[in-house]
Amino acid sequence: MYFSTDSKQIPKSKIPQGDLRDKWSNFKNQAKLISPNNRNKYHVIIVGTGLSGASAAASLAELGYNVSVFCFQDSPRRAHSVAAQGGVNAMKNYKNDGDSVHRMFYDTLKGGDFRAREANVFRLAECSASLIDQAVAQGVPFAREYSGYLSNRSFGGVQVSRTFYARGQTGQQLLLGTYQALMRQVKAKKITTYTRHEMLDLVLINGVAKGIIARNLDTGKITRHTANAVVLATGGFGKIYYLSTLAMGCNGSAIWRAHKKGAWMACPSWTQIHPTCLPQSGAYQSKLTLMSESLRNDGRIWVPLTRNDNRKPEDIPEEERDYYLERKYPSYGNLAPRDIASRAAKERIDAGHGVGPLKNAVYLDFKDALANQGKATIAKKYGNLFNMYQKITGINAYNEPMKISPAAHFSMGGLWVDYELSTNIPGLFAIGEANFSDHGANRLGANSLLQACVDGYYILPQTLPHYLAQSGNPEAINKEDPAFIECEQQVTKQLEELGKINGSKTVDYFHRELGKILYDKCGLSRNEKGLIIAIEAIRNLKASFYNDLKIPSKINGINEELEKAGRVVDYLEIGELMCIDALSREESCGAHFRTEFQTNDGEAIRNDEEFKFISCWKKSDNVPLLIKEMLNFEFTKPTERSYK
């Protein structure tokens, strides 16, 4: 058996009482407060400076708390939030097309295949409108109509226009606004920044998070840092697949080190494959390039009806083209949710209808949009994306279709948190993609930037002080406490042992092999046999890693291979738990698609009777321990997730 179940332990989600519309207000009305004069006595550590981490740091510092922020980049501006392209969702109903907080809540809940808490998802929709006002006030240059009103476009899984955007650079522009707020507090000496520092471990004193151990990536010096609370805002672990839309530095180490200290991981198998990426062009690649989902507003996706068709796209007449999303999902068409669009593309590619040199792509065609709207209009909407595509591929997408393919992108799973964004370890919080909380089994496009900002600007600044107020007077934490000394010794020993292996294979070799296993056995589709094969293959790969890894042995100074080795150690363990989590869930839901559980026409069969819960995984000495947080739907009724 690959796991065991603890049916006695019941996670405390701390969802407030009352009607769905009143829960967040009820929490804020009853939350414990700390007076302004006492806030400077508290110190908070935030790991990660993307949208969630930087916004949380700036907001807490504005309130008067002392904050230390850590990032492994040379600047907070280099956080991976810059890579988000297409937009951020918010319920403003500027288009007067029937949008509402409840509709946004339901779209998100349905998009996640009813595998998220109602209260968390409703709060996300409820807080969304405030974000747009704040971002505009910060100077974020959202697209505007000729009249001056903010513009909107649609994203997958919805039938209204609620996505605000800054061309194809929305993440970068939002991060610049957040960065300015962060640096304002750095200048005010309320925030201390530690760039080029990586968190190596979480320190607990009497079971409570009290600090971290970090390594200076330039000098190799290992340092201890104390705090009254620790916040992990370190993003997701989609880079575990090696070939993904994420930057090479993205990793899951911070949340995994916390998991090994007792924090629960929730639903790690819920990883999203994005349908709109540039296809792999060779074995030499280390990442794939994202092309915004917003392109599906005007681009039509198709493949040739004939298998192994080598004709140029312009030579294939309309009657010999299969616009398969429009055919299969007429109500939503090319704006079907990401998981459905990705699986549909894979099905066509696997059936022999793929295009491109490796036959691993489908066409995204703007011919009709260009004819109807004109090149100038399309360029205004997507010009930088078209330029990026041409720079990478050498192809002018105004003249011929783009080639796109599914690629690993986002992890809906992460550290388990309650309604207050607290993990099960007191004093440890997780925000943004580092937690599991809002997206269920599939994230709708443009909700990532929203969750990151809402967690950092609006939720954590209410819930973390509530925790601090209940923890009593702030105590002085001693860096010489035995817990800090022991933790530092452990991480130093691990780094030294990695350097002593002196095998023959690089870190990237093991990372790439892990990615192949996961793409094949725990990617767009999974099954029991394949998952068992994957678990054993990952265990064998891990054994090989510890026998045959070769990296420079020095701990002091710059050693990028040592950094990567520590992260791949964690990826090997996360990958095994991903497969175990997928094996335990005998249903298809959202991005988790078990081939044994599908309809005759290839749609997911969700099993609410047996699997209407969040899988919380606890580290144990033997096999992982499954703890179930049951989902109660008081205000909605889970229905078949149909986009036809």
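Since the model is a prediction, treat every value here as computed from it, not as a measurement. Start at 1 with the first residue, then count along the sequence.
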Sub-4.5 Å side-chain heavy-atom contact between Gln272 and His439: no
Side chain to side chain contact (heavy atoms under 4.5 Å, CB included) partners for Arg117, two or more places apart: Ser13, Ile15, Asn120, Trp416, Phe436, Glu629, Leu631
More than 12 heavy atoms from other groups under 6.0 Å of NZ on Lys618: no
Pair Arg443-His409, side-chain contact (heavy atoms from CB on, under 4.5 Å): steps then yes or no: CA-CA 10 Å; Arg443 178 175 67 78; His409 181 58; 3.4 Å; yes
Carboxylate-amine/guanidinium proximity below 4.0 Å for Asp339 and Arg343: yes
Pairs flagged by salt bridge (Lys or Arg N to Asp or Glu O under 4.0 Å) wherever residues 272-291 is involved - sequence neighbours left out: none
Any donor-acceptor pair under 3.5 Å from Thr163 side chain to Asn89 backbone: no
Donor on one side chain, acceptor on other, Tyr2 and Glu536, under 3.5 Å: yes
Where at least one partner belongs to residues 564-574, residue pairs that pass side chain to side chain donor-acceptor pair (under 3.5 Å), sequence neighbours excluded: Glu198-Arg567, Ser253-Asp570, Trp256-Glu573, Arg257-Asp570, Lys260-Glu573, Asp508-Lys564, Glu561-Lys564
Non-hydrogen atoms of Ala441 and Arg115 that approach each other most closely: N-CB, 4.0 Å
Cationic tip of Lys239 above Phe237 ring, under 6.0 Å, 45° of axis: no
Side chain to side chain donor-acceptor pair (under 3.5 Å) evaluation trace for Arg585 with Ser269: CA-CA 9 Å; Arg585 190 170 284 273; Ser269 66; 5.8 Å; no
Criterion side chain to side chain donor-acceptor pair (under 3.5 Å) on Tyr382 and Ser292, from CA distance to verdict: CA-CA 9 Å; Tyr382 314 112; Ser292 170; over 6 Å; no
Stepwise side chain to side chain donor-acceptor pair (under 3.5 Å) check, Thr223 with Tyr194: CA-CA 11 Å; Thr223 51; Tyr194 292 87; over 6 Å; no
Check: Ile301 main-chain N/O paired with Arg296 side-chain donor or acceptor under 3.5 Å: no
Full working for side chain to side chain donor-acceptor pair (under 3.5 Å) between Asn435 and Gln451: CA-CA 10 Å; Asn435 72 32; Gln451 186 213 349; 3.0 Å; yes
